[in-house]
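A quick write-up on the structure given underneath.
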Number of protein chains: 2
Amino acid sequence: MARPVEFDENKVLNSAMEQFWREGYEASSVQKLLDCTGINRGTLYNSFGDKDTFFKSCVDQYHKIIDKQIESSLKNPELNAWDSINAYFDEAVLNISNKHRSMGCLLVNSLCESINYDKDMKKVVRGSLATIRKAIVARLKEAQKKSKLKKGVSVEFAADVLMNTLHGVRVNSRDGKNNRQLKELIKHSINTLKK
Amino acid sequence: MARPVEFDENKVLNSAMEQFWREGYEASSVQKLLDCTGINRGTLYNSFGDKDTFFKSCVDQYHKIIDKQIESSLKNPELNAWDSINAYFDEAVLNISNKHRSMGCLLVNSLCESINYDKDMKKVVRGSLATIRKAIVARLKEAQKKSKLKKGVSVEFAADVLMNTLHGVRVNSRDGKNNRQLKELIKHSINTLKK
DNA sequence: CTTATACTTGACCCCCCATTCAATTTTACT
DNA sequence: AGTAAAATTGAATGGGGGGTCAAGTATAAG
């Protein structure tokens, strides 16, 4: 017995997510968020809360993308450990639009912004990054069991190396590095861990 | 025949640089810059120009630090190629205060902010990063001449790997990774290139 | 001591920031 | 048709954003 919502929540979240992703938290004014989502001022506050809350929802939305990428790569049972890790980098970095690639990573960008000093935000961003690492760790354990992990390299350290490469690549993406160069960097990093 | 300046230009630039470094361009309001530098509003605009110009000067100031680090490591004639590269990472990442380390890198942070879309800013930030890479390339060429570079690895690619590791480490720094972990990541990356 | 020159100061400007809210519209149930 | 519930709307609010400027102040040259 109430008026139904007119906007598509998913579309709104995606548009806002892209805005935050491209320009960061600070530079994304509420007005810009209204413009890119097409919703009205009051609607935003009524349905999504204040800017902070909205941002967190957008990070959640971003995390959904990550989850999908993990699902079809790292958690794909048809792939062996290293193939799945390769597949993840493909999903996350290489096989995406130039537009998105040049925007880097919302999580990395947020770490590098002042919003990183907010306890809640930190928790959300770190949580999302931890999910990626966890999925990588699972596959590295598998690789280790099958003696496919380089000797003397621990699973935890290998995960750190891969995450570090991922972060570096994300920064380099924002610096305009092309796909070929990023691919080489990823390939090299993985090769240093593979047996 | 004019009144002499009262502020110490270098101190002002250092304080403002730290503010921009810690919180980024967008979150650093002019008021915050006045507070941390101790100078007056008019003085800032008279002596340093508008916020954009001031920011560029602060990046220049940051670049001076980088230059010093390069001078005592990568350009140190008493060190061989790989020792000098190790020394650079020490100077830039490991042997600095926890406070500074946790702030990451002003250049990387700027790449990840919306200011990255400003042509002038891009030029300044990229220029500074290019200086680091150039100094690394010089040493890698030396290593290659002395057959200390791993076979099949080009100087340019090795430089890309090191820069990517540096970027990754800078993001991880802002994520709170400790010195020991960063050291391991750097060591590993260098070892993959060294012969 | 006077004067030209530059630095310093903070009040002031307009604009856009995030946020609120009362009025309006749209629906579903009775 | 009437009404309760929720969504929508955009004007309004207070505050802080970046930037300006006229007045005051300190210096060195003449």
Side-chain angles (χ1 to χ4, degrees), chain A residues 1-59 110 113-121 124, chain B residues 1-59 110 113-121 124:
Chain A
M1 42 175 145
R3 183 177 174 179
V5 298
E6 279 182 10
F7 61 87
D8 179 334
E9 187 179 327
N10 221 46
K11 277 186 186 170
V12 168
L13 284 172
N14 275 328
S15 305
M17 179 197 72
E18 287 225 4
Q19 169 63 37
F20 281 128
W21 186 2
R22 194 180 339 108
E23 302 196 3
Y25 176 83
E26 296 289 343
S28 294
S29 66
V30 172
Q31 189 55 54
K32 281 185 182 177
L33 294 167
L34 300 179
D35 292 346
C36 76
T37 57
I39 61 173
N40 186 279
R41 210 168 192 81
T43 303
L44 196 162
Y45 280 90
N46 257 332
S47 306
F48 299 96
D50 62 13
K51 193 185 165 185
D52 280 29
T53 309
F54 193 32
F55 178 75
K56 282 179 215 159
S57 302
C58 289
V59 175
S110 301
E113 258 201 289
S114 69
I115 202 178
N116 185 41
Y117 300 116
D118 181 287
K119 228 184 78 185
D120 285 357
M121 300 294 186
V124 178
Chain B
M1 39 174 149
R3 184 175 172 179
V5 298
E6 280 180 9
F7 61 87
D8 180 332
E9 186 180 325
N10 220 46
K11 279 185 184 170
V12 168
L13 284 172
N14 275 327
S15 304
M17 177 197 71
E18 288 227 4
Q19 169 62 40
F20 280 127
W21 187 0
R22 196 182 334 109
E23 304 197 3
Y25 176 83
E26 295 289 341
S28 295
S29 65
V30 172
Q31 189 55 53
K32 281 185 180 175
L33 294 167
L34 300 179
D35 292 346
C36 77
T37 57
I39 61 173
N40 186 279
R41 207 169 192 81
T43 303
L44 197 162
Y45 281 90
N46 258 330
S47 305
F48 298 97
D50 63 13
K51 194 185 167 187
D52 280 29
T53 309
F54 194 32
F55 178 76
K56 282 179 217 160
S57 301
C58 290
V59 175
S110 302
E113 260 201 286
S114 70
I115 202 178
N116 184 41
Y117 299 117
D118 181 286
K119 227 183 80 184
D120 285 357
M121 301 293 187
V124 178

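Labels below follow one simple rule: chain letters A, B, ... track the order of the sequence lines, proteins then strands, and each chain is numbered from 1.
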Quiz prompt | Residues in side chain to side chain donor-acceptor pair (under 3.5 Å) contact with A:Glu18, at least two apart in sequence or another chain | solution = A:Lys99, A:His100
Quiz item: Which pair of non-hydrogen atoms, one from B:Ala16 and one from B:Leu33, has the smallest distance, and what is that distance?
Solution: CB-CD2, 4.1 Å
Quiz item: Can you check whether A:Asn40 has a side-chain N or O nearer than 4.0 Å to OP1 or OP2 of D:dG10?
Solution: yes
Quiz prompt | A:Lys56: which of A:Asp50, A:Asp120, A:Asp118 passes salt bridge (Lys or Arg N to Asp or Glu O under 4.0 Å) | solution = A:Asp120
Self-check item: A:Ser28/A:Gln19 under side-chain hydrogen bond (donor to acceptor under 3.5 Å, both in side chains): CA gap, chis, key distance, verdict
Solution: CA-CA 7 Å; A:Ser28 294; A:Gln19 169 63 37; 3.0 Å; yes
Self-check item: Protein-nucleotide distance (B:Gln31, atom CD; D:dG18, atom C1'), rounded to Å
Solution: 11 Å
With 3.5 Å as the limit, what N/O pairs link the protein to nucleotides 13-15 of chain D?
none

Quiz item: Taking A:Ser15 for the side chain and A:Lys11 for the main chain, is one N or O donor matched with an acceptor at less than 3.5 Å?
Solution: yes
Quiz prompt | B:Phe48 and B:Phe55 aromatic centres sub-6.0 Å | solution = no
Quiz item: Going by number, which of residues 5-30 of chain B have a non-hydrogen atom under 4.0 Å from DNA chain C?
Solution: B:Val5, B:Glu6, B:Phe7
Practice problem: Using the six-membered ring of A:Tyr25, assess whether NZ or CZ of A:Lys51 lies under 6.0 Å from its centre and within 45 degrees of the ring axis. | Solution: yes
Self-check item: Contacts of B:Asp35 that satisfy side chain to side chain donor-acceptor pair (under 3.5 Å) - sequence neighbours left out
Solution: B:Gln31
Quiz item: Looking only at heavy atoms, which two atoms of A:Lys32 and A:Ala27 are closest? And how far apart?
Solution: NZ-O, 3.3 Å
Quiz item: Where along residues 43-56 of chain A does a heavy atom come under 4.0 Å from DNA chain D, residue by residue in number order?
Solution: A:Thr43, A:Asn46
Practice problem: Describe, as an angle rounded to 10 degrees, how the axis at the first end of the helix from C:dC1-D:dG30 to C:dT30-D:dA1 is tilted relative to the axis at the last end, five pairs per end. | Solution: 10°
Exercise. Could you check how far CG of B:Asp35 sits from P of C:dG10, rounded to whole Å?
Key: 13 Å
Quiz item: With no hydrogens and no angle check, is any side-chain donor or acceptor of B:Glu113 less than 3.5 Å from a backbone partner on B:Glu26?
Solution: yes
Quiz prompt | Any donor-acceptor pair under 3.5 Å from A:Thr43 side chain to A:Ile39 backbone | solution = no
Practice problem: Measure across B:Val124 and B:Val59 and return the closest heavy-atom pair with its distance rounded to 0.1 Å. | Solution: CG1-CG1, 3.4 Å
Quiz item: What about A:Arg41, does its side chain sit under 3.5 Å from the base of D:dT9 through a donor-acceptor pair?
Solution: no
Quiz item: Taking all non-hydrogen atoms of both residues, which atom of B:Ser110 and which atom of B:Ile115 are closest, and how far apart?
Solution: O-CG2, 3.5 Å
